[in-house]
**Q** 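After the structure tokens below, expect a handful of questions from me.
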Amino acid sequence: MIDVLIVGAGPNGLMLACELALGGVHPVVLERHAAPTGEPRANGLVGQVVRLLDRRGLYTRLTGESTPPLPQPAFVFGAFPLDLTVLTENPHYALGVPQAQLEAALAARAVELGVDLRRGHEVVDLAQRPDAVEVRLADGTRLTSRFLVGADGGHSAVRRLAGIDFPGVTNDRSVSRTATVTVPPSFLDPGTGGLRAPDYGVVPPFQHTRTPRGLIAWAPFPGRPAILSTTEWPDAPTGDEAPMTLAELRASVARVLGTDIPLGPPDGPGLLRRLTAGNTRIATRYRADRVLLVGDAAHVHPAIGGPGLNLGLQDAANLGWKLAATVRGRAPQDLLDTYETERRPVAERVVMSTQAQSALIGPGDEITGLRELFAELLRIPEVTGHIAALMSGADVRYPADPADPLAGRYAPDVVVHGESGKVRLAELTRAARPLLLLDSTGPYAEAAAPWRDRVDVVTGSLEGTTATAMLVRPDCFVAWSAGDTETLRASLTRHFGLPQ
């Protein structure tokens, strides 16, 4: 019998497979496509997920850089530029890699870890038993697994077959067009990299720019084709009856900016995409007995602000260690249930953020008035910091002891100075094992000794935190950082089970 069967070899399914393998469980991943599609989707990652990739050694793989990621000096929210240099602590990170590159890196890492990745297999039916889930594939093959995870996107077959509802709303009030393009050099601003539009000005790069007629975004990615996109409102022609063309996008740009920009095709294959409806939905439950959902299978929302991979990949990190411990018989009875109780509120905040941004970019004089007020608020550093924390996920706090200032928070970038030198927390978390960081040996180490088979104890001077002791979960959230040995033992038991 298979321990865990994952349906979907996108970023979320592959990330979960890696996390399970690090936890001692080697899953089987089924993907209905025979090969990676290469279809352009996300153009990068934003938020705390960049730090998560660093803590798994994947940031270096993706960038070729040995130095850790640094916060970004600027970002956007609802077509407003955010100046993050005004913040004392900037929580916002970004990594400009296309989704296809991310998937390739995750697939390679999964295979290295012993994951069984099977392409060209489509799940068409499932049936649950008290001790297992049986799935039927399109070719008639049947597989049995102790747990089944749907990582198969917003149209998830697993979610539907498990009988999990997906309530929400479909918004067809706008039409978005996106394409990879080339433009004549005279239309490029050499100082900013922006798009020079006659009789309008410069459209800044990597931002959403709102006009009274719509929204435009220009993304001149280094080393790959630039992407241009527009969003318009109901009175704009949709062109649904025919495939998307560059001429259609050019006409849309002219309507949004009030001026014409000549657009050419990219060198090689490109993206031409029109979206006339968007969905905002969250599954009624993330778990139905032995079936679980991650990523878009559990939640979909507008793409504005790019929160999708930040949300989905951290779903996988949260579920991975809990499901691995459950399969191995080491988990507390209710540990797997905390996957939904911890991750659903995060999805709800992402939905709130994307809906607020969608409202701020809308048409109409009343929205323009709202934007004028919002622009005034963004001049207050505390407001900018609040929004940056919301967009990056740095404001996430899982249920924890209110008296413990760090518990439930994402672990800070601690550096441990020990006998063998200094080491970053990101280097200590590559194996995804629980860590107990101590500034000295003493009663805490003795209290944790019965869990040494599953919790690594690291001793040394802790730089980057005021805490003198910190228990870090495999997903890099703090489980405990304050209190006596009794509260430490309670946290160890609650998260990692009874000592053996």
Side-chain angles (χ1 to χ4, degrees), residues 4 6 8-25 27 29 45-59 61-62 69 91 93 95 102-103 105-107 109-110 113 115 147 149-151 286-287 292-299 307-327 331 335-347 349-350 392-399 408-413 425-435 454 471-479 495-496:
V4 179
I6 301 171
N12 300 319
L14 292 169
M15 184 71 179
L16 176 61
C18 292
E19 294 294 295
L20 287 168
L22 290 170
V25 173
V29 179
L45 301 99
V46 295
Q48 296 295 298
V49 68
V50 178
R51 300 171 72 195
L52 173 63
L53 294 180
D54 180 39
R55 293 177 178 186
R56 292 296 188 262
L58 292 165
Y59 180 81
R61 286 187 178 220
L62 290 165
Y93 293 77
L95 178 57
L102 174 64
E103 286 186 11
L106 287 170
R109 179 58 174 154
L113 293 171
V115 172
F147 288 93
V149 180
Y286 285 20
R287 179 187 180 189
L292 299 109
L293 305 175
V294 297
D296 289 355
H299 41 67
L309 287 173
N310 189 29
L311 181 59
L313 291 176
Q314 292 195 80
D315 283 351
N318 186 290
L319 176 59
W321 68 275
K322 296 174 180 178
L323 185 53
T326 301
V327 169
L335 181 66
L336 201 53
D337 291 330
T338 66
Y339 165 59
E340 177 170 354
T341 59
E342 290 184 348
R343 294 305 297 170
R344 172 180 283 278
V346 183
R349 285 188 65 75
V350 168
S392 67
D395 63 343
V396 172
R397 181 169 187 179
Y398 297 147
R409 300 286 189 187
Y410 200 67
D413 290 323
L425 178 64
E427 299 170 88
L428 296 170
T429 54
R430 302 283 165 86
R433 282 179 57 84
L435 295 173
R454 72 202 76 164
L471 179 62
V472 182
R473 305 183 339 179
D475 59 356
C476 297
F477 278 79
V478 177
H495 291 92
F496 310 119

**Q** Might you point out which heavy atoms bring Leu62 and Ala105 nearest each other, and give the distance in Å?
**A** CD2-CB, 3.7 Å
**Q** Verify whether one side chain among Arg343 and Tyr398 offers a donor that lies under 3.5 Å from an acceptor in the other.
**A** yes
**Q** Suppose we screen for salt bridge (Lys or Arg N to Asp or Glu O under 4.0 Å). Which residues come up paired with Arg109, at least two apart in sequence or across chains?
**A** Glu112
**Q** Heavy atoms only: give me the nearest His495-Ala479 pair and the separation to one decimal.
**A** CE1-CB, 3.6 Å
**Q** For a 4.5 angstrom cut-off between non-hydrogen side-chain atoms, does Val4 reach Leu16?
**A** no
**Q** Can you check whether Pro345's main-chain N or O pairs, donor with acceptor, with Arg349's side chain at less than 3.5 Å?
**A** no
**Q** Could you walk me through whether Leu22 and Arg433 satisfy the side chain to side chain contact (heavy atoms under 4.5 Å, CB included) test, starting with their C-alpha distance in whole Å, then the side-chain angles of each, then the deciding distance to 0.1 Å, before giving a yes or no?
**A** CA-CA 8 Å; Leu22 290 170; Arg433 282 179 57 84; over 6 Å; no
**Q** Got a sec, which residues hit salt bridge (Lys or Arg N to Asp or Glu O under 4.0 Å) with Asp296, two or more places apart in sequence or on another chain?
**A** none
**Q** Provide the closest heavy-atom pair for Gly10 versus Glu103 in the form atom of the first, atom of the second, distance.
**A** CA-OE2, 3.9 Å
**Q** Going from CG on Leu14 to CD on Glu19, what distance comes out if it is rounded to the nearest 0.5 angstrom?
**A** 12.0 Å
**Q** Looking only at non-hydrogen atoms, find the nearest pair between Pro474 and Ala432 and report the distance.
**A** CB-O, 3.3 Å
**Q** Output the distance between atom OG1 (Thr341) and atom OH (Tyr286), rounded to the nearest 0.5 Å.
**A** 11.0 Å
**Q** Please report the C-alpha distance between Val46 and Leu309 in whole Å, then the side-chain angles of each, then the deciding distance to 0.1 Å, and finally whether the side chain to side chain contact (heavy atoms under 4.5 Å, CB included) criterion is met.
**A** CA-CA 8 Å; Val46 295; Leu309 287 173; over 6 Å; no
**Q** Applying side chain to side chain donor-acceptor pair (under 3.5 Å), can you list everything that pairs with Arg51, at least two apart in sequence or on another chain?
**A** Gln48, Asp413
**Q** Using a 4.5 Å cut-off on heavy atoms from C-beta on, say whether the side chain of Leu95 contacts that of Pro69.
**A** no
**Q** Specify the closest pair of heavy atoms between Ala17 and Val29, including all atoms of both residues, with the distance to one decimal.
**A** CB-CG2, 3.7 Å
**Q** Are the side chains of Val478 and Leu471 in contact, using a 4.5 Å heavy-atom criterion?
**A** no
**Q** A side-chain contact here means heavy atoms from C-beta on lying under 4.5 Å apart; do Leu428 and Val472 qualify?
**A** no
**Q** Decide whether Gln314 and Asn310 meet the rule of one side-chain donor and one side-chain acceptor closer than 3.5 Å.
**A** yes
**Q** So Val115 and Cys18, do their side chains get closer than 4.5 Å, heavy atoms only?
**A** no
**Q** Check whether any side-chain heavy atom of Tyr410 lies under 4.5 Å from a side-chain heavy atom of Val396, and answer yes or no.
**A** no
**Q** Taking only residues two or more places apart in sequence or in another chain, which ones pass salt bridge (Lys or Arg N to Asp or Glu O under 4.0 Å) with Arg473?
**A** Glu342, Asp475
**Q** Taking all non-hydrogen atoms of both residues into account, name the closest pair between Ala325 and Leu335 and its distance.
**A** CB-CD2, 4.3 Å
**Q** Can you tell me how far the CZ atom of Arg56 sits from the CG atom of Leu106, to the nearest 0.5 Å?
**A** 12.0 Å
**Q** Can you tell me how far CG of Leu53 sits from OH of Tyr93, rounded to the nearest 0.5 angstrom?
**A** 13.0 Å
**Q** Is the side chain of Asn12 donor-acceptor paired with the backbone N or O of Gly295 at a distance under 3.5 Å, no angle test?
**A** no
**Q** Say you draw a straight line from CG of Leu52 to CG of Leu45; how long is it, rounded to the nearest 0.5 Å?
**A** 10.0 Å
**Q** Which residues satisfy the side chain to side chain donor-acceptor pair (under 3.5 Å) test with Thr326, sequence neighbours excluded?
**A** none
**Q** Mind checking whether Trp321 and Phe496 have ring centres under 6.0 Å apart?
**A** yes
**Q** Which residues satisfy the salt bridge (Lys or Arg N to Asp or Glu O under 4.0 Å) test with Arg454, sequence neighbours excluded?
**A** none
**Q** To the nearest 0.5 angstrom, please state how far the CZ atom of Arg61 sits from the CG atom of Leu58.
**A** 6.5 Å
**Q** Please confirm whether the backbone N or O of Leu293 pairs with a side-chain atom of Tyr339, one donor and one acceptor, at under 3.5 Å?
**A** yes
